[in-house]
Amino acid sequence: MLSLLAASGAADPIYWTDLGLKPGIELGFFTLRYYSLAYLLGVIFAYWHTSKMLKQPGAPMAQRHADDLFFYCTLGVIIGGRLGYAIFYDQSLWTDFSGDGFVSWKLLRLWDGGMSFHGGLAGVTVAMAYVAWRDKLNFIRVVDYVSVGVPMGMLLGRLANFVNGELWGRVTDVPWAMIFPNDPTSLPRHPSQLYQAGLEGLAMLVIMLSLFWFTRARYRPGLLAGVFTTGMGVARFVNEFFREPDQQLADFAARTGLSMGQWLTIPLILTGLIVVLYALRKQPLGAGTTAPA
């Protein structure tokens, strides 16, 4: 099938190498990777925007809580994302010590790539639960506020994946198909990183910002969190049809009919729908609710 696609008369694909993209910014003594920069800018935006939201009526926490929250959430993204990838996508990381340089354990070599969205989400959830428990905050309302800024991180992260020429899509003959330099087959593929940036990032960001700033959704505990979870789950499920499964899980996807990402996303969608229904059935909070001191 691959050979037939390669020999077909489809429109000439776009070569990623012709776009002039580079994986990072050379600073002389080291290279600042765009993927690292995406994480950093995503956290900065989320912190800035959450601080802005906390100044509005009905905030569930004070600024000092947000300061602690984003420290622990950053740890949760990194630790949870890496452990999730090692658990669900590449179990060899646990026992592989073949890395070069000072750090040989592959599990700790984050710069080599390999982060799981679902693992990062779990890590952030644990971080929010801890801060809410410690400071006696309403957990679901904390999640509401944090979830609004998360799509920005998804948008930047997927754009960084595209700039790095990684996590490409399935073989296709669409006019915008691309050939990525690290693809051993050199076949035209969906630029699925851009699809994910559009759906999981930009579209979800517009939805979440609109709900917070132009509706009274923040007065219904769980509504923002439920919409985020459902929307992100659906977007990821759809995008996985265009994304090439991880090489080590290709047989799993062929055998089960869905990719690992899709199987992990189904519980997210169901959970999100339940939370949305719960939020809509409850009476909204009064607009005069104040944040904890």
Side-chain angles (χ1 to χ4, degrees), residues 38 42 76-77 80-90 113-125 143-144 146-162 166-172 174 176-178 189-211 222-280:
V77 168
R82 188 59 168 176
L83 293 181
Y85 186 82
I87 292 171
F88 297 114
Y89 293 94
D90 190 357
M115 297 288 281
S116 164
F117 161 72
H118 301 90
L121 182 61
V124 170
T125 302
V143 178
D144 280 338
V146 172
S147 66
V148 176
V150 173
M152 175 61 81
M154 300 298 298
L155 170 61
L156 295 174
R158 295 313 178 192
L159 290 176
N161 289 144
F162 178 75
E166 61 191 7
L167 302 183
W168 51 75
R170 300 174 189 261
V171 176
T172 182
V174 296
W176 56 89
M178 291 189 177
R189 296 179 177 275
H190 284 287
S192 57
Q193 314 97 320
L194 299 181
Y195 303 172
Q196 291 186 272
L199 279 181
E200 299 169 25
L202 183 59
M204 285 303 303
L205 184 64
V206 170
I207 291 172
M208 298 303 295
L209 291 178
S210 299
L211 282 175
L223 183 56
L224 290 169
V227 170
F228 166 79
T229 305
T230 304
M232 193 66 73
V234 171
R236 180 64 184 269
F237 191 90
V238 170
N239 281 323
E240 284 286 325
F241 284 114
F242 302 97
R243 177 176 169 177
E244 182 74 11
D246 290 60
Q247 185 177 3
Q248 66 274 19
L249 293 175
D251 290 340
F252 173 85
R255 186 171 65 254
T256 64
L258 296 175
S259 69
M260 176 63 78
Q262 287 174 312
W263 284 112
L264 293 174
T265 296
I266 291 173
L268 284 183
I269 298 173
L270 296 177
T271 301
L273 289 173
I274 292 172
V275 173
V276 168
L277 292 175
Y278 165 82
L280 293 177

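For residues 226-241, the pairs satisfying salt bridge (charged side-chain N to carboxylate O under 4.0 Å, His left out) are R236-E240, E240-R243, with sequence neighbours left out. For the side chain to side chain donor-acceptor pair (under 3.5 Å) condition, the pairs that include at least one residue of residues 263-278, sequence neighbours left out, are H118-T265, T256-W263. Residue pairs satisfying the side chain to side chain donor-acceptor pair (under 3.5 Å) criterion with at least one member in residues 201-210, sequence neighbours excluded, are absent.
Annotation: side-chain hydrogen bond (donor to acceptor under 3.5 Å, both in side chains) contacts of D90 (sequence neighbours excluded): S92. L194 meets the side-chain contact (heavy atoms from CB on, under 4.5 Å) test with L159, F162, P191; sequence neighbours excluded. Every residue was checked against the side-chain contact (heavy atoms from CB on, under 4.5 Å) condition with A122, not counting sequence neighbours, and none meets it.
The CE atom of M204 sits 10.5 Å away from atom CG of L209, with the distance rounded to the nearest 0.5 Å. Separating the CZ atom in R158 from the OG atom in S192 is a distance of 8.5 Å, to the nearest 0.5 Å. Distance check, rounded to the nearest 0.5 Å: CG of L264 to OG of S116 gives 6.5 Å. To the nearest 0.5 angstrom, T230 atom OG1 is 4.0 Å from L273 atom CG. Atom CG of residue L268 and atom OG1 of residue T229 lie 6.5 Å apart, to the nearest 0.5 angstrom. Summarising the geometry, atom CD belonging to E200 is positioned 13.0 Å from atom CG belonging to L205; distances are rounded to the nearest 0.5 Å.
Under the 30°/60° scheme for interplanar angles, the aromatic rings of Y85 and Y89 are found to lie parallel.
Distance alone, capped at 3.5 Å, places no donor-acceptor pair between the R189 side chain and the T172 backbone. At least one donor-acceptor pair closer than 3.5 Å links the side chain of D144 to the backbone N or O of G222.
Between V146 and V150, the shortest heavy-atom contact is O-CG2, 3.4 Å. The shortest non-hydrogen separation linking A253 to S259 is CB-CA, 4.0 Å. Here the closest heavy-atom approach between residue L199 and residue A235 is recorded as CB-CB, 3.9 Å.
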*Check the pair F228, V143 against side chain to side chain contact (heavy atoms under 4.5 Å, CB included), reporting the backbone distance first and the verdict last.*
CA-CA 10 Å; F228 166 79; V143 178; over 6 Å; no
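Under the 4.5 Å side-chain criterion, counting only non-hydrogen atoms from C-beta, M178 is not in contact with W168. With a 4.5 Å cut-off on side-chain heavy atoms, F241 and Q262 count as touching. With a 4.5 Å cut-off on side-chain heavy atoms, P245 and F252 do not count as touching.
Side-chain contact of N161 with E166: a donor-acceptor pair under 3.5 Å is present, judged by distance alone.
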